[in-house]
Amino acid sequence: MRKGIAAVAGTLAALSVATFATSSTPASAASAAYSLASSTTSTGQKLPMRWNPCQPGITYKVNVSLAGSTSSARAAALADVKKSFDILGSATGMTFTFTGTTSYIPDGRSWSTEQPAEIVVAWVNPTRTKTSSSLLGTDSNGRPVAGTGGYSFKQWAYPGEPWTGAIGRGYVVLNALENKTVRPGFGKGITRGNLLLHELGHVVGLEHVSSTSELMYPVLISRPSAGYHDGDRAGLAKVGMQAGCIDVPSVVWTDL
């Protein structure tokens, strides 16, 4: 590993949401097929926000305490999370490794330095202080949304060389008050599988799009089947193995 990093930029978090709504108004800043998150450096260079896809395994833990009122319901929720990561891995060529359940809830500005895994998926109750999260977004009326996905991205540069960067932490926070609104599993309708896949899309660097046919459309709508669509998959390919490895210095992300 080369030495002499010029600088490490501050952590950035992207908060994007999927909401339960009956309308289908496109997001004003969305694209037609897929949209990739990016960051602009102090020199005006635009960097794609993505993980190093060549990691041996991006770790994730799941907090299912509020995912259901019974042990079987919580087990089903955990199974949906695992399947979602499998689908995401197939679409990106990246490896995601489940490392167990947790009681941790991503919250506040320091979530990325406190998490017990590189990605944490957690259900929260926004009406209760001990089980809420400030990361859960709100809709245009100020109401908590169904879910939020985000990440932490760092930039760095070697002397005399261009800046580069990588995501190193991510989270998905789901609103437990919407559990009864979302059908468990995958398939047609408004499903938990599609909600998870949408938010995980944000975690790996996708943004909202204006096409209702894509899962990254900003409103969670009833669909004939679950899963990513053509535009979603095209975007996921561009943030995954197809985009190549990122040489991440150990002082930037110590575990990548």
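Fair warning: this is a prediction, and the values are worked out from it, not measured in the lab.
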Working for side chain to side chain donor-acceptor pair (under 3.5 Å), residues Gln155 and Thr164: CA-CA 6 Å; Gln155 305 170 2; Thr164 189; over 6 Å; no
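In this structure, Trp111 and Tyr171 have perpendicular ring planes: the angle between them is above 60°, well past the 30° mark.
Taking the ring axis of Phe186 as reference, the NZ or CZ atom of Lys83 stays within 45° of it and closer than 6.0 Å to the ring centre.
Side chain to side chain, Asp107 and Ser134 meet the donor-acceptor criterion of an N or O pair below 3.5 Å.
Taking the six-membered ring for Trp, Phe85 and Tyr60 have ring centres closer than 6.0 Å.
The closest donor-acceptor contact from the side chain of Arg223 to the backbone of Glu214 lies under 3.5 Å. Asn125 places a side-chain N or O within donor-acceptor distance of the main-chain N or O of Thr127, the cut-off being under 3.5 Å. Between the side chain of Gln115 and the main chain of Ala117, a donor-acceptor pair closer than 3.5 Å is present. Judged by distance alone, the side chain of Asn63 and the main-chain N or O of Ser103 form a donor-acceptor pair under 3.5 Å. Under the 3.5 Å distance criterion, the side-chain polar atoms of Thr40 are left unmatched by any main-chain donor or acceptor of Gly44.
In summary, Asp230 and Arg233 engage in a salt bridge, as defined by a charged side-chain N under 4.0 Å from a carboxylate O.
Shown here are the salt bridge (charged side-chain N to carboxylate O under 4.0 Å, His left out) partners of Asp232, two or more places apart in sequence or in another chain: there are none.
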